[in-house]
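To keep things clear, I will list the structure first and then write my remarks on it.
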Number of protein chains: 2
Amino acid sequence: MSVDAKGRGNVTLKDVAARVGVTQAAVSMALAGNPRISEKTRRAVQRAAAELGYVPSSAGRALRRQSAGAIALIVPNTSHHVFGHAYFMHVLTGVSSSSNAHDAQVIVSTNTDGAEGVNAYERVIRSGSADGVIVTSAAVDDANVEALVASGLPVVLIGNFPYLPEAVSVGTDDVAASRLVTEHLITVHGRSRLLHVSGPLDHQTGIDRREGFLQAVRAHALGENALVLEGDMSEESGAEAVRQAHDMGVEVDGVVFANDDMAFGGMQTLRRLGRRVGDDIALVGFDDFGIARTTTPGITTMRVPAERMALAASDTLFAILAGERTGPAHVELPVEFIARTSCGCAGDALSE
Amino acid sequence: MSVDAKGRGNVTLKDVAARVGVTQAAVSMALAGNPRISEKTRRAVQRAAAELGYVPSSAGRALRRQSAGAIALIVPNTSHHVFGHAYFMHVLTGVSSSSNAHDAQVIVSTNTDGAEGVNAYERVIRSGSADGVIVTSAAVDDANVEALVASGLPVVLIGNFPYLPEAVSVGTDDVAASRLVTEHLITVHGRSRLLHVSGPLDHQTGIDRREGFLQAVRAHALGENALVLEGDMSEESGAEAVRQAHDMGVEVDGVVFANDDMAFGGMQTLRRLGRRVGDDIALVGFDDFGIARTTTPGITTMRVPAERMALAASDTLFAILAGERTGPAHVELPVEFIARTSCGCAGDALSE
DNA sequence: CTGAAAGCGCTTACAG
DNA sequence: CTGAAAGCGCTTACAG
């Protein structure tokens, strides 16, 4: 029964039923468009519901239907401040748009954990808060992800998980992408002494982009001159890696950074060291989530289709929830090479 | 009763009760730490719960408690692609951190609406999906916000809503902030022919920053030479406004943009028009969500404490939900002036 | 002190 | 065809 205007004590089916003079069950069916309810009654019910401002209780409905009508987007907080990163915005945009199309809510969850017993990722599903989850930016040694996938609960991962053959995931071919940008530096810009500043090597992305770099330098017999340093995807670590290479006395003429943030950090440091970026040193990044386009010179990069990956991941999750057969367990989306001036190409508006 | 390992048919209190040989109610109390349950039983219950991987059903609990244990962050999609904007990341970070501290879930909701009858913002509360909502970036003419505030449901708004005296909100003093940067151009850099590229004037932020600009130019008797053009916060509109002023034959020596994105767009255009930014023309922006720091020259700006606003808004919402008396209806957080080179100050790392 | 029912709001299977 | 009960999982007020 409705109590007051101040929220608590909301309008329920019973209230609508009392107003119309039918049973609660009839109201439910009427609102669901069940043909068993007469046109006349349905109209009356709809009018009463509108007048009273009836909104179905999500808890009542969820309990009865055994489904929350929501999915969760989980971001392991162990990973590198992803939550504050532009990547996440794109992911959320994709997930949100798919969820809207499927009339589902989106729960955003950082893994705060500490909870013993049940794995934090499973918790959100087992509690029924969400019917399925999307996990992004997981580390390769994240046992929670493994357990979650093994449990058979509805999960779609964003990224590559070669060590989880049963996982449903959406990623990009990072190895090929990295090989491609590296070869761009070699073949188009004639670079031969290359540095790779990798991402953290406990993330598949870090591993794969490094692998692509190595394949390229080896294929061109430049392995001898190549150096790899591990960063953590932050601007600072890009700067740090460049300084470290400098301090080691290693002279490089091209740098492949595993993301744009590191490329930006590295670029500033290179400049302070007196290097002319795009001229006597070429550099490229990964992501194109924003920063690469705004710097001077602009950063040549491999655009990662984060929003589309998230959209595909969500659509796949909804397909799984609907019991529809899903396609291949791992989907790969194409990346896009964006030439700007940092590598020596002139595609940069600001450079005009 | 638990059915299988594949999710559906989860472990419930009944399962735990059967395992231990007590009633479902006893299990509930045991897990809640109710002293009425003996230490021995409590232990046995906890062990059984852990073994079975019991996780309380959020629907069952929500229905019984009449509270969802979640808050919603609502972003009107009518507003300017906020969802994909860095501002939103900061807001989400703040809301999320507060929610974690309060053991609540965060539902992120774009107002897709079209739903007749109940206002879209109220829906999420009346359905019980969320116990309260945070609304960000609402237009001044958004009747939904007004209705929501008037309804007395638990809401906290981010931003300034002078026309909604009953609203609980967290904002910054945009008028003062804008007056301050404008005066910086006038008094520190001796600028006298000023352009303001405002935000959309159906948003309080647009109105207030414009007002601050006008106060400053009037106070310095520069109103005659001042021009105001309306933008929409996008990079393109910043570029467009600058070009428009140019085409009008208006020669300006200083520009106050209502945000950094417009400042960046404007800066590129000014450069193409042959102006030296930070030298023969000074410009400033608002936000400092990322881009202002990465451009060359760096953009002088007023940093908006988005994350802290969101944190304060969430904390306030949880206080309201807890029935605690809340402080003043409108809280104002300080902005921070960040001097970089675009205004003529030399504070920019890249300019060294 | 403890056992077990009631009831949150919903939908649908069942009885009439 | 329609009325009304059952039951989703939980917590707490109530009866014993």
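Convention: sequence-line order gives letters A, B, ...; per-chain numbering from 1. Computed over heavy atoms, backbone and side chain alike; hydrogens, waters and symmetry mates excluded.
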Worksheet item: Between B/Pro56 and B/Arg36, who's closer to the 5' end of DNA chain D by nearest nucleotide?
Response: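 It is B/Pro56, whose closest nucleotide lies nearer the 5' terminus.
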Worksheet item: If each of B/Met29 and B/Gly60 is mapped to the nucleotide of DNA chain D with the nearest heavy atom, which maps nearer the 5' terminus, i.e. the 5' end?
Response: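 Nearest nucleotide further toward 5': that of B/Gly60.
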Write down the atom of [X], the atom of [Y], and the distance for their closest heavy-atom approach.
{"X": "B/Val16", "Y": "B/Ala49", "answer": "CG1-N, 4.0 Å"}
{"X": "B/Pro76", "Y": "B/Ala138", "answer": "CG-CA, 4.1 Å"}
{"X": "B/Gly94", "Y": "B/Ser314", "answer": "O-OG, 4.4 Å"}

Item to complete: Nearest 0.5 Å please: distance from the CG atom of A/Leu317 over to the CG atom of A/Leu157.
Response: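 The CG atom of A/Leu317 sits 10.5 Å away from the CG atom of A/Leu157.
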Worksheet entry | Side-chain N or O of A/Gln66 closer than 4.0 Å to phosphate OP1/OP2 of D/dG9 | yes
Item to complete: May I ask you to verify if any side-chain N or O of A/Arg61 is less than 4.0 angstrom from the OP1 or OP2 atom of C/dT11?
Response: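 Checking A/Arg61 against C/dT11: at least one side-chain N or O falls below 4.0 Å of OP1 or OP2.
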Worksheet item: Given the C1' atoms of C/dC10 and D/dA13, what is the spacing between them in whole Å?
Response: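 Straight-line distance between the two C1' atoms is 23 Å.
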Worksheet item: C/dG7 and D/dG16: how far apart are their P atoms, nearest whole angstrom?
Response: 15 Å
Worksheet item: Side chains of B/Tyr121 and B/Ser109: donor-acceptor distance under 3.5 Å anywhere?
Response: no
Worksheet item: What is the nucleic acid contact for B/Ala59, judged by heavy atoms within less than 4.0 Å: base, sugar-phosphate only, or nothing?
Response: nothing
Discussion item. Students often get this wrong, so: under 4.0 angstrom with heavy atoms, is B/Ser57 touching a base, only sugar-phosphate, or nothing?
Written reply: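 Sugar-phosphate contact only - B/Ser57 comes under 4.0 Å of backbone atoms but never of a base.
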When the distance from [atom1] of [X] to [atom2] of [N] is rounded to whole Å, what number comes out?
{"X": "B/Leu63", "N": "C/dC10", "atom1": "CG", "atom2": "P", "value": "9 Å"}
{"X": "A/Leu13", "N": "D/dA6", "atom1": "CG", "atom2": "C1'", "value": "16 Å"}
{"X": "A/Asn10", "N": "C/dG9", "atom1": "CG", "atom2": "P", "value": "9 Å"}
{"X": "B/Tyr54", "N": "D/dG9", "atom1": "OH", "atom2": "P", "value": "10 Å"}
{"X": "A/Asp15", "N": "C/dC8", "atom1": "CG", "atom2": "P", "value": "11 Å"}
{"X": "A/Gln24", "N": "C/dG7", "atom1": "CD", "atom2": "P", "value": "13 Å"}

Item to complete: Report the nucleotide, chosen from D/dC10, C/dC8, C/dT12, that has the shortest atom-to-atom distance to any side-chain atom of A/Lys14.
Response: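 Nearest nucleotide to the side chain: C/dC8.
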Fill in: Non-hydrogen side-chain atoms of A/Val95 and A/Thr93 separated by less than 4.5 Å
no
Worksheet item: Does some side-chain heavy atom of A/His203 sit less than 4.5 Å from a side-chain heavy atom of A/Val140?
Response: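 When only atoms from C-beta onward are counted, A/His203 and A/Val140 do not touch, as no gap falls below 4.5 Å.
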Fill in: Position toward the 5' end of DNA chain C (nearest nucleotide), B/Ile37 or A/Arg65
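In this pair, the answer is B/Ile37.
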Worksheet entry | Dot-bracket notation for DNA chain D, counting Watson-Crick and G-U pairs under 3.5 Å, with | for partners on another strand | |||.||||||||.|||
